[in-house]
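To start, the structure under review is shown below, and the notes come after it.
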Amino acid sequence: MDSKKDIRALNKDQLRDFFVTNKDKAFRGNQVYEWLWKKGAHSFDEMTNLSKETRSMLQANFVINHIEVDDMQQSLDGTIKNAVKLHDGLVVESVLIPSKTRTTACVSCQVGCSLNCTFCATARLKKMRNLNPDEIYDQVVATDRQSRLYQNHKLSNIVFMGMGEPLLNYNNVLKAIDMITSDEGLAMSPSRITLSTVGLPKMIKKLADDEVKFNLAVSLHSAIDEVRSKMMPINESSNLSELLESLQYWYLKTKKKITFEYVVWKGINDKKKDIDALVSYCKKIPSKVNLIEYNAIEEDGFQQADASAIDYYVRTLEKNNITVNVRRSRGKDIDAACGQLANKQI
Ligand code: SF4
């Protein structure tokens, strides 16, 4: 592996300093920064407004690590799943989900995951490392290209709902979002970005204190501690009341509603007591609920609840004036649906 430093680990000021230290003009740093982020250059040779000597000097000092889409699978419903190879050979997955009105990228932020949610395919891969900001950013660039190519319009939304827990890679995820929303990067609106988390109270409060402008979704799946802890071990150390307190803090600071992601499983959370607990939880925080269709992973023992249970959830939530959307899963035939990302093709 190349031991030279990845040039995208430097911010603009550091790049400007590099040129000054090397007896060149500081504005060269701005030019290189633009090539790296806005123009997405993957080699110094592409930087045609720099002299050959400058390019060679950069080449001698740095590398440009970048992702490669190693394998692309397209679903019958138009969903695209990418196996994304990182510079060190590790692989994560990203998904492009088209609908009538938008195209959404679902991106990964860690290789594997340490949180062991029992229903999740990614949990079967042990966590190997965090993704760098540029590796997250590149997934968005790659899916944007696919959106333009296959859907004839640019990417409209991003969800951090791929492999890994974004709040356990806090700094890198926020740096990536800064570049995605910056005019020096992709200039996407933060209101089109949703970070989805298992719900880590301390980190949710930190997000609020950092005054982020994007949306927050929480994988809830049950509003009863006993039930939730069985599916999501994190609930044992960060229970529902701590989570609620952090979400109330978030709302106080940001005035942004929370989205609760919720799968209804047969025999696990499909009873009246589960629905009543969810209603009561939602009433304590401005929120809406996405009921997500479940995609069974082989032999995991979880089964999608009957349609009648999901109908009952919908009717009860609506009767209590809580917004609810039923999200059909996309890309099931290529294992690209929620909870199915597990590098299966490699
Ligand atoms: S659901 Fe999310 S947090 Fe839980 S194991 Fe899977 S990737 Fe990790």
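If you read the sequence from its start, that first residue is 1, and numbering goes on from there. As the structure lists them, so they are numbered: ligands from 1, and atoms in each ligand from 1.
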| Around atom 6 (Fe) of ligand 1, how many protein N/O/S atoms fall inside 2.8 Å? | 1
| note | Applying side chain to side chain contact (heavy atoms under 4.5 Å, CB included) to Asn30 and not counting sequence neighbours gives Lys12, Arg16
| message | Using the salt bridge (charged side-chain N to carboxylate O under 4.0 Å, His left out) criterion, which residues pair with Lys206? Sequence neighbours excluded. | response | Asp210
| query | Distance under 6.0 Å and angle within 45° of the ring axis: does Lys253 meet both against Tyr251? | reply | no
| Close side-chain approach of Phe214 to Thr194, heavy-atom, < 4.5 Å | no
Could you list the donor-acceptor pairs under 3.5 angstrom formed between side-chain atoms of residues 215-229 and any protein atom two or more places apart in sequence or on another chain?
from: Asn215; atom 1: OD1; to: Lys256; atom 2: NZ; distance (Å): 3.4
from: Asn215; atom 1: ND2; to: Ser191; atom 2: O; distance (Å): 2.9
from: Asn215; atom 1: ND2; to: Ile193; atom 2: O; distance (Å): 3.3
from: His221; atom 1: ND1; to: Val263; atom 2: N; distance (Å): 3.0
from: Ser222; atom 1: OG; to: Ile224; atom 2: N; distance (Å): 3.0
from: Ser222; atom 1: OG; to: Ile224; atom 2: O; distance (Å): 3.3
from: Asp225; atom 1: OD1; to: Asn235; atom 2: ND2; distance (Å): 2.9
from: Asp225; atom 1: OD1; to: Leu240; atom 2: N; distance (Å): 3.0
from: Arg228; atom 1: NE; to: Leu220; atom 2: O; distance (Å): 2.9
from: Arg228; atom 1: NH1; to: Asn235; atom 2: OD1; distance (Å): 2.8
from: Arg228; atom 1: NH2; to: Val198; atom 2: O; distance (Å): 2.7
from: Arg228; atom 1: NH2; to: Ser219; atom 2: O; distance (Å): 2.8
from: Ser229; atom 1: OG; to: Asp225; atom 2: O; distance (Å): 3.0
from: Ser229; atom 1: OG; to: Asn235; atom 2: ND2; distance (Å): 3.0

| message | Under a plain distance cut-off of 3.5 Å, with no hydrogens placed, do Asp77 and Thr79 share a side-chain donor-acceptor pair? | response | yes
